[in-house]
Amino acid sequence: MDLARPFKVVIPALSKFDTTEILGQPMLYHVYKRAVESGAEEVIVASSNQEILELVKNFGGAAIYVAPDHVTGTDMIAEVALAKGFE
């Protein structure tokens with residue numbers, strides 16, 4: 001019996017630090033790629049920064065705009081989870 005449950009990943013991208021390049025790619029690209037490799041059924045980057053959202057879309061990732069007044073990444077994840085109806 002397989003006890004593994006499907007899961008989703010929301011990556012909060014809070015600052016321009018996430019665009020720092022590592023081995024020629026933005027750090028966020030590497031984080032996103034690892035999340036996809038984890039077997040998640042959906043991976044989404046959450047950010048209020050348009051540059052970050054464009055960056056994610058340019059490397060083929062999924063990104064969602066969240067309100068700019070969040071204090072923590074957890075708040076950003078909660079907004080996406082509520083909007084998408086995650087359980």
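Predicted, not measured: the structure shown is a model, and the values here were computed from it.
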Whether the side chain of Y32 engages the backbone of A62 through a donor-acceptor N/O pair (distance < 3.5 Å, no angle test) should be reported.
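At least one qualifying donor-acceptor pair exists.
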Please check if the side chain of T19 supplies one atom and the backbone of P26 the other of a donor-acceptor pair under 3.5 Å.
no
Quick one: pull up [atom1] in [X] and [atom2] in [Y] and give me the separation to the nearest 0.5 Å.
| X | Y | atom1 | atom2 | result |
| --- | --- | --- | --- | --- |
| F59 | L28 | CZ | CG | 4.5 Å |
| E42 | K84 | CD | NZ | 4.0 Å |
| E79 | D69 | CD | CG | 8.0 Å |
| E54 | S47 | CD | OG | 11.0 Å |
| L55 | M27 | CG | CE | 11.0 Å |

Heavy-atom pair with the smallest gap, counting every atom of P12 and G73
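Looking at all heavy atoms of both residues, the closest pair is CB-CA, 3.6 Å.
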Closest approach of D75 and V71, non-hydrogen atoms and distance?
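Closest pair (atom of D75, atom of V71, distance): OD2-N, 3.4 Å.
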V56 with L23, same ILVMFWY side-chain cluster at under 4.5 Å:
yes
For T20, side-chain contact (heavy atoms from CB on, under 4.5 Å) partners two or more places apart
F17
Verify the distance criterion only: is there a donor paired with an acceptor across the side chains of Q25 and H30 at less than 3.5 Å?
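Looking only at side-chain atoms, H30 and Q25 do not form any donor-acceptor pair under 3.5 Å.
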Which other residues end up in the same hydrophobic cluster as I44, if Ile, Leu, Val, Met, Phe, Trp and Tyr are linked when side-chain heavy atoms come under 4.5 Å apart?
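In the cluster with I44 are V10, L14, I64, V66, M76, I77, V80, F86.
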Linking Ile, Leu, Val, Met, Phe, Trp and Tyr by side-chain heavy atoms under 4.5 Å, what else ends up with Y65?
L53
